[in-house]
Amino acid sequence: MQTHQKLRMDILIEAPLKAKLSAMLEAHEVSGFTVFPALGGSGGDGDWSRIGQITDIGQMLLFTCILDEARSNGLLEELYASLSDHIGYVTTSDVSVIRPRKFP
Amino acid sequence: MQTHQKLRMDILIEAPLKAKLSAMLEAHEVSGFTVFPALGGSGGDGDWSRIGQITDIGQMLLFTCILDEARSNGLLEELYASLSDHIGYVTTSDVSVIRPRKFP
Amino acid sequence: MQTHQKLRMDILIEAPLKAKLSAMLEAHEVSGFTVFPALGGSGGDGDWSRIGQITDIGQMLLFTCILDEARSNGLLEELYASLSDHIGYVTTSDVSVIRPRKFP
Amino acid sequence: MDFLSLALDNLGAPMVLCFLLGLGAALARADLSIPEQAARMMSIYLLFAIGMKGGVEVARVGFGPEILMALVTGVALSILLPLVAFSVLRVTTGLSAIDAAAAAGHYGSISIVTFVAGTQALENMGLAYSGYMVAVAAAMEAPAIIAALWLAARGGAHTKPAPMREILLNGSIVLLCGAVVVGWIAGPPGFESVKGLFAEPFKGVLCLFLLDMGLLAGRHLRSAATDISRTVIAFGIYMPLIGAAIGGAAGWLIGLTPGDLALLITLSASASYIAAPAALRVALPKANPAIYLTLSLGLTFPFNLTFGIPIYVALAETLAG
Amino acid sequence: MDFLSLALDNLGAPMVLCFLLGLGAALARADLSIPEQAARMMSIYLLFAIGMKGGVEVARVGFGPEILMALVTGVALSILLPLVAFSVLRVTTGLSAIDAAAAAGHYGSISIVTFVAGTQALENMGLAYSGYMVAVAAAMEAPAIIAALWLAARGGAHTKPAPMREILLNGSIVLLCGAVVVGWIAGPPGFESVKGLFAEPFKGVLCLFLLDMGLLAGRHLRSAATDISRTVIAFGIYMPLIGAAIGGAAGWLIGLTPGDLALLITLSASASYIAAPAALRVALPKANPAIYLTLSLGLTFPFNLTFGIPIYVALAETLAG
Amino acid sequence: MDFLSLALDNLGAPMVLCFLLGLGAALARADLSIPEQAARMMSIYLLFAIGMKGGVEVARVGFGPEILMALVTGVALSILLPLVAFSVLRVTTGLSAIDAAAAAGHYGSISIVTFVAGTQALENMGLAYSGYMVAVAAAMEAPAIIAALWLAARGGAHTKPAPMREILLNGSIVLLCGAVVVGWIAGPPGFESVKGLFAEPFKGVLCLFLLDMGLLAGRHLRSAATDISRTVIAFGIYMPLIGAAIGGAAGWLIGLTPGDLALLITLSASASYIAAPAALRVALPKANPAIYLTLSLGLTFPFNLTFGIPIYVALAETLAG
Ligand SMILES: Nc1ncnc2c1ncn2[C@@H]1O[C@H](COP(=O)(O)O)[C@@H](O)[C@H]1O
Ligand SMILES: Nc1ncnc2c1ncn2[C@@H]1O[C@H](COP(=O)(O)O)[C@@H](O)[C@H]1O
Ligand SMILES: Nc1ncnc2c1ncn2[C@@H]1O[C@H](COP(=O)(O)O)[C@@H](O)[C@H]1O
Ligand code: NA
Ligand code: NA
Ligand code: NA
């Protein structure tokens, strides 16, 4: 099948910022995104783990968004401008998709 | 260490189709796959969230499968032929592995 | 925005080995890692599913680590030397990041 | 007891208040949520407790012809109601045949929590009902789904082969039927030993579960305005009344007691949101789930819980009193 | 009852023993953990049960001027205590204005589990308290957060616009207030029907929840040594005593009974670990969460649960006895 | 009571019926499942409740020499049984030394749910047993694991250094021992206050937990045919009987009462599926987990729950009656 090049953007972010990041992605008119739960991790600020937690504080979520390269630059800039205190990592990588129109 | 090129296929699909997709992957003789839970998302049909849900309806799962490029085409075709109503996205991307024989 | 090439290493491993792999990653001085829960899967040794489980046995976790290519070789070697019985898969792939210093 | 005080009593019951709290919180977009697995476990608990209690009753009174009669009536209603709902939807709304068939299936099937709320209302009023009515509830879950598939196929939809196995082995059906059997075999002494979990805390768990249902209903209701048309929204309110009328007639014909009749009416008026959507999402992939879920969870369930049940009890008392 | 036997009784209560078990397991790095969603559900259960019980009491005694007086005092304390805590932190520790403001906000807000533990201690001693004190607890949650934002802004921090909506619609606040209203409307007969879940198993759930709190506190305590300085650690122990003194004076002024005074002191001495961190993490992103969470969860909570509460009860009895 | 009616009573008890329901649902591949975190929480609840109850009993009767004697006997059985199981496996099956050692370790260690099911059977029959037997259960968890590691090392396996810390700090061991200590310190009055959670709903929770165990056992049983040989399957049924005989002899030697003897026999006959697999998966990575999990969860557990326990009770009555 013919495939098309798109970008996959992975954003690991603190859970309390979920609504804000969702709104930001929608404002950039991505066609969609999916949120995955992380269970724990380690970074410059030490370890964290979801086990036994009773709040969202210190929980990280992964936002995965398939989008066209054209949209990624503006998004990345706004991300770092307004959410950089809450970001674990942001990566972009090349992926192939079948239906390019779904990921404008 | 010497690495080998394989393909990683990511399939986001509705949870009620889990058994069907598993059977399809096994029929294509992939060596294995792993299922990850998604927590929520947004797309052309609006938002969804797993929070407080009492059924699988509207829940999406991510199937990740490491496989050889040779197998991917047939799999993609069957995927879109029989499950396209239930798919969130399907992407393929290049990955390197150490033990190529594990991912025929 | 200017981006930099890094490596993303994905390690699917049995849950009881979580502490051991965490220690190994820290020993290799990666800047961090994130753990994601898997829900089920299938491989050479058959199916598994987390549903209804009362222990960690047979549960797989995904460790994702963004790191510099320079560190990956030594890490891969140690991984296969001491944990190969517990590994589902290990893949590496290219990703772009904005802040290269965060992923030495 | 007159109807007004019945309705007010119902609205002031903790379980309805909890539902309204959840509904309000969701509509105000409050950051309140019940953990998913806890909600599922409460659902399992409620299904099991209600099923076991019913089975124990069957063990106590024995399996007689009136049980069989009620079961047959329930199955007939489960098949008949989708046909009615389908016709109404096709005439009054612009839904496609497949969307109408899928929604119709939900109204033939049942909501066990609505049933439980009905039993609570009866208990508060001191009106007796038969334990075996829960077996009728179980029997009404699946036939409607098959009727919906038949309607869709007749309407020209390209349906997948009817997945009978999946429909009948749906978790909620297996659990409810299994619990009835467990209660039947264990009998009253067996139930006595587990009352500390399945009887005493029951109403409290129902409250917390309805809090979650309120949150879910609120989320569906919020999207109702954009997702579905006014005629469809109206259907979500008047279809339960049509179901109630048909169920009431059927139950009156077989001579049910007022309490049992109230429950059969409640079952007929209720719409499924577990077994039916699970089966139809797979079997009718082209049907839009936003329509049937908003109808059953966002409209019919809240209506039944707040205003429907007092109406159904009053109707049953009028018919059979 | 003299203070020593009070303290010993408290330490031997199952709920404190469970907390210590969790604390010990975490410090020994045992592989013990409570599933996250179960912990969250227990937290929801406790909030709802305590709120409903309080609302039922309000329904029983009616809403009088003494309730209003206690509410106003609570709100005033919630605003005042962060100002005190902020000054103390700035003088005695090297924390930046923003870190000090964030931590201070936690000490004006409250911990509902500490409150519940206080009520248990009173019940064990047979000392009466008013059900409406839970409404005071609810009223003290949010004002402190706004005070903290004001302190941070005055300290020159670049704060985001105060998210009043998010603060007030935080899940734990909505649930506690909602449960009070549910209890108020449902009243004693409504509560009677759900006692099997919200009253009888209450203390046992509190035990399991405190086991989880002990595990969490232990994890925070382990990192305390590396994350925060000694002067900040000391603050986590003596600030509750300052809060207790101020709360005690305020409650004495408005003439609370010994039991109610003990609870107001406990609320003043307690530090939030649900509503305050949730709001401040978003509104003050530059404040280091390790500091305020270690203070409230790792130091103040364990101190209050083990030694604080007996002190507060003794203080209340001395002041109002 | 004769053996047949004992066995029938056991099969008709709600907890066994729930297990059979789960087993049947899994074998029929029904879409029924208990949420993972709810299952884990039930496991924690059961461990804590049974441990605390045991500790309270120790507080009531005091720590005497007969407790010490029972503990020593339990530890000895936990070390001895793996040696027996290992020899039997090596002689009757084609398992490698390392697979045999790993499986053998499971049979020296214990299943706390089987123990609880044993206590329920005794209670139903009105046969008394000592609360401290739960301490014996706790003491038998770990030694068998160390014995298995020694067997594997002797068999030439390249084992990792025995992770004593991990074995002893396993969550289920810490929780059970911790709960015993909590119960011991809190004593009967402390337990009185938490009975609403840890006593009254206990049997009901056990039912739901056994439903989940049935689902798990069914899944393991389904793969038994392909994963393991017939001789190994047979071992899963007759090894509990060998364990029962050895445990019975040991308990008879130290003069246990019929109730306590029945429990020691049950512990000896039971196989671990929490602590042992957790430790051995890490320490003996080359051992195939499909073998030991299918044996303990898919074969021995169902056998003990349905037929084993009546046999063990009858054996105890014959030996000590
Ligand atoms: N190099 C990395 N690879 C993967 N995840 C990371 C990495 N660095 C940080 N993270 C994640 O981001 C969280 C916050 O990181 P930090 O801000 O560095 O403490 C960590 O707890 C990890 O979950
Ligand atoms: N561009 C995208 N990137 C990531 N996930 C997506 C994207 N589009 C859709 N999805 C996911 O797929 C689900 C269904 O998408 P849709 O069919 O477009 O409503 C969404 O709820 C998202 O979870
Ligand atoms: N080709 C694959 N792609 C994705 N996941 C895999 C693959 N092979 C194995 N796995 C995962 O690794 C686990 C163990 O694999 P195995 O050791 O082959 O039984 C499986 O249950 C899957 O979750
Ligand atoms: Na119906
Ligand atoms: Na306070
Ligand atoms: Na044993």
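First the proteins, then the strands, lettered A, B, ... as listed; each starts at 1.
- The residue among E:A38, E:G12, E:P14 with the most heavy atom pairs within less than 4.5 Å of chain F is E:P14.
- Note that the CG atom of E:D31 and the CD1 atom of F:I173 stand 10.5 Å from one another [nearest 0.5 Å].
- The two atoms that bring E:L32 and F:G171 nearest to each other are CD1-O, 3.8 Å, heavy atoms only.
- Taking non-hydrogen atoms and a 4.5 Å limit, the residue list of residues 175-197 of chain E in contact with chain F is empty.
- Heavy-atom distances place both the backbone and the side chain of E:I34 under 4.5 Å from chain F.
- For E:A30 against F:V174, the heavy-atom pair with the smallest separation is CB-CG2, 3.8 Å.
- Using a 4.5 Å cut-off between heavy atoms, E:M42 contacts chain F through its side chain alone, with no backbone atom that close.
- Neither the backbone nor the side chain of E:A13 comes within contact range of chain F; no heavy atom of the residue lies under 4.5 Å from a heavy atom of that chain.
- Contacts between residues 46-56 of chain F and chain E, counted as heavy-atom pairs separated by less than 4.5 Å, involve F:F48, F:M52.
- The contact list for residues 199-214 of chain F toward chain E, using heavy atoms and a distance under 4.5 Å, is empty.
- Applying the salt bridge (Lys or Arg N to Asp or Glu O under 4.0 Å) test to residues at least two apart or on different chains, the pairs with a partner in residues 35-52 of chain F are C:R50-F:E36, C:D56-F:R40, F:E36-F:R40.
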